[in-house]
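As structure tokens, the structure follows; a few thoughts come after it.
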Amino acid sequence: MKLDRRGFLGGLTATVAMGSPLVRAAGKAEVPLLRLGITSDTHIRFACDMNNPKTQNGFSSYLFEKALLHFREVGVDAVVHPGDFTEFGLISELQGTAVSWNRVFPNDLGADGQRVEKMFVRGNHDIMAGNPWKKEPQALIRDDPAKAWKEVLGIDWYTEKVMLRKVKGFPFILADWGATPADLDKFFEAHGGELPKKAPFFYVQHGPPAGLHDAQDEFGDKCGGDSARCARWLAKYPNAVAFTGHSHYSVTLGDQVNQGDFLSIGCGCLQYMWNRQGRDNSWSLAPGVKGHADRCNSAGHQGLMLRVYRDRLELERWDFANHEKVGPDLVFPLDGSKPYSFDEQRRRARAPQFPSGAAIKVERTRHKLGKKGGEKEIEVFALTVPSAAQTFVNRVLRYRVTVELKDGNQVVLKRHVLAPDYHLPVERAGQPFVLPMPVEDLPKDGDFRFAVVSINCFGKSSAPLVTDYLKV
């Protein structure tokens, strides 16, 4: 009997969980036991037309379809989506997901004719009460979520708050947005004994669990949404792998992976990457900031690929808009070691340093402040700050800019700026940024200087780059 890739591996599924020897196709490259395509927070408003560029924008299913085409090309066994398919929770928006899915995987079949499973869960946007700017009646997913999922996406099993599915023998626990600790307790009490002891299994929900995104020093960057408090249970299973969305944080950064009591992976987002808050150029500006750096580019249409082998997991990080990897592949051994725990990553991390000879350019000038049509001009010192040197491992997340008095180097003002390129592949990183410092905020008496340090996602900072001393 002739066996194709999936047929061959399908017969091995039972032995995988029992710790069978590493399986290799004779004389060929090692074949993964499972291939997963992963994309989150697609926030689709309507279906794209792949032949009409006017529909290929950030609100259509265009980027989702590009991701699916990549997944089809590499032969995934399932697509994982931790929620926020829609922007306003409309059934018409969910149909955009279905249109692109059915074009790429007609009848849920891949290019090799084998079934591709949908490991989909709802996020908070999928149960919203509609577009608040529209007055006419709107058909909402939340009115009958199970019906919408079945009629639009062809998923007839989405009837509980927490569900168990399997793909090629690997268990997937799928938790709906709004699942409670009681829902998760009920599930694990009923099904915990069915989960493998050593082979990986997967948990999918929208909100990230405790412990992910918590590596920062001054900011923390915690992201809510874990209504089920899943870490309580997953901590009992070191072989658990959690996929979550909601944060919209870039997958280029080390704090999107935490190999703690279990492996927790932030899946990034396909739409409008959320620039971490409280910085001068984030979406919501730091309180009291009068002038600010140009807002960080909120591109970064990212997702993941995961390959499962007997002895390891291999994670690829992708920008699907540009069809390029945004970082090196991460390899997670299945031998109990934890090279990607926050503690290990922090220990290995080195703060990116400024290149030798780098200097801050300072120009006293005028800066427009306020929304278009109501701007006013203020006098500023405009700082042009060069990029710190970066590698795949040591990325800059942000820069801290301080104003120091010459008398005792006392810090009298502190500002924070997101690196404008922290979401890009390192080959395309290296962009300077311009920060206007309002003259009215600076010391009126005595000499002062500007000092800048680069900081990675684990809070490690570089040696400072400083200007000469200045006066207002």
Side-chain angles (χ1 to χ4, degrees), residues 211-222 247 249-260 266 268 273 275-282 286 293-294 296-297 300 317 326-328 330 338-362 383-404 409-411 413-435 437 449-467:
L212 196 62
H213 318 314
D214 294 359
Q216 289 283 315
D217 52 356
E218 289 132 300
F219 287 95
D221 286 314
K222 297 181 181 180
S247 71
Y249 290 166
S250 174
V251 300
T252 56
L253 302 174
D255 65 358
Q256 295 310 288
V257 172
N258 187 9
Q259 201 172 19
M273 188 180 67
N275 296 319
R276 300 182 177 206
Q277 301 309 288
R279 283 70 160 184
D280 285 21
N281 56 340
S282 56
D294 290 338
C296 188
N297 184 347
R317 299 173 286 175
V326 296
L330 306 181
K338 298 180 179 181
Y340 290 96
S341 69
F342 275 176
D343 287 343
E344 278 299 304
Q345 291 189 77
R346 187 179 289 109
R347 183 184 64 80
R348 293 194 303 265
R350 299 292 182 270
Q353 301 293 327
F354 290 102
S356 176
I360 303 168
K361 178 184 175 183
V362 182
L383 311 183
T384 301
V385 182
S387 172
Q390 301 188 54
T391 67
F392 272 130
V393 176
N394 297 316
R395 300 299 304 267
V396 179
L397 171 60
R398 59 189 172 91
Y399 296 90
R400 183 172 61 232
V401 182
T402 55
V403 177
E404 300 175 348
N409 279 344
Q410 179 185 0
V411 174
L413 185 64
K414 183 185 297 185
R415 301 277 289 277
H416 301 272
V417 179
L418 282 166
D421 49 15
Y422 76 96
H423 60 287
L424 296 176
V426 72
E427 298 94 338
R428 293 200 284 120
Q431 300 176 17
F433 68 90
V434 178
L435 178 66
M437 301 290 285
R449 70 180 182 182
F450 298 104
V452 182
V453 298
S454 73
I455 302 175
N456 67 15
C457 70
F458 294 101
K460 289 192 174 181
S461 57
S462 70
L465 193 63
V466 298
T467 67

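Being a predicted model, the structure only gives us computed values, none of them experimental.
Between Gly254 and Phe342, the closest heavy-atom pair is O-CE2, 4.0 Å. The shortest non-hydrogen separation linking Phe354 to Pro386 is CE2-O, 3.3 Å. Minimum heavy-atom separation, Pro352 to Ala388: O-CB, 3.6 Å.
Going from atom CG of Asn258 over to atom NZ of Lys338 covers 9.0 Å, rounded to the nearest 0.5 Å. Taken to the nearest 0.5 Å, the NE2 atom of His416 stands 11.5 Å off from the CG atom of Leu397. Residue Tyr249 holds its OH atom at 8.5 Å from CG of Asp255, rounded to the nearest 0.5 Å. To the nearest 0.5 Å, atoms OH (Tyr399) and OG (Ser462) are separated by 8.5 Å. To the nearest 0.5 Å, the span separating CZ on Arg346 from NZ on Lys460 amounts to 8.0 Å. Rounding to the nearest 0.5 angstrom, the gap separating the CZ atom in Arg400 from the CZ atom in Arg415 is 14.5 Å.
Within the 3.5 Å criterion, the main-chain N or O of Val251 finds no donor-acceptor partner in the side chain of Gln256. Side-chain N or O atoms of Thr252 include none that pairs as donor or acceptor with a backbone N or O of Val326 at under 3.5 Å. No side-chain donor-acceptor contact under 3.5 Å links Glu404 to the backbone of Val466.
For the side-chain contact (heavy atoms from CB on, under 4.5 Å) test, residues two or more places apart in sequence or in another chain that qualify with Thr467 are Ile360, Val362, Arg449, Phe450, Leu470. Scanning for side-chain contact (heavy atoms from CB on, under 4.5 Å) contacts around Ala463 gives Gln353, with sequence neighbours left out.
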Contacts table for residues 425-432: side-chain donor-acceptor under 3.5 angstrom, sequence neighbours left out:
unit_1 : atom_1 : unit_2 : atom_2 : d
Arg428 : NE     : Glu324 : OE2    : 3.4
Arg428 : NH2    : Glu324 : OE2    : 2.3

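Geometrically, Arg347 does not engage Phe458 in a cation-pi contact, judged by NZ or CZ lying under 6.0 Å from the ring centre and within 45° of the ring axis.
Sorted by first and then second residue, the side chain to side chain donor-acceptor pair (under 3.5 Å) pairs with a member in residues 386-395 read Gln390-Arg395; sequence neighbours excluded.
Looking only at side-chain heavy atoms (C-beta outward), Pro339 and Arg348 come within less than 4.5 Å of each other. Taking the side chain as every heavy atom from C-beta outward, Pro328 and Arg317 approach each other to under 4.5 Å. Between Leu413 and Thr402 the shortest side-chain heavy-atom distance does not fall below 4.5 Å.
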(request) Determine, step by step, whether Leu465 and Val453 satisfy the side chain to side chain contact (heavy atoms under 4.5 Å, CB included) criterion, reporting the C-alpha distance in whole Å, the side-chain angles of both residues, the deciding distance to 0.1 Å, and the verdict. (result) CA-CA 6 Å; Leu465 193 63; Val453 298; over 6 Å; no
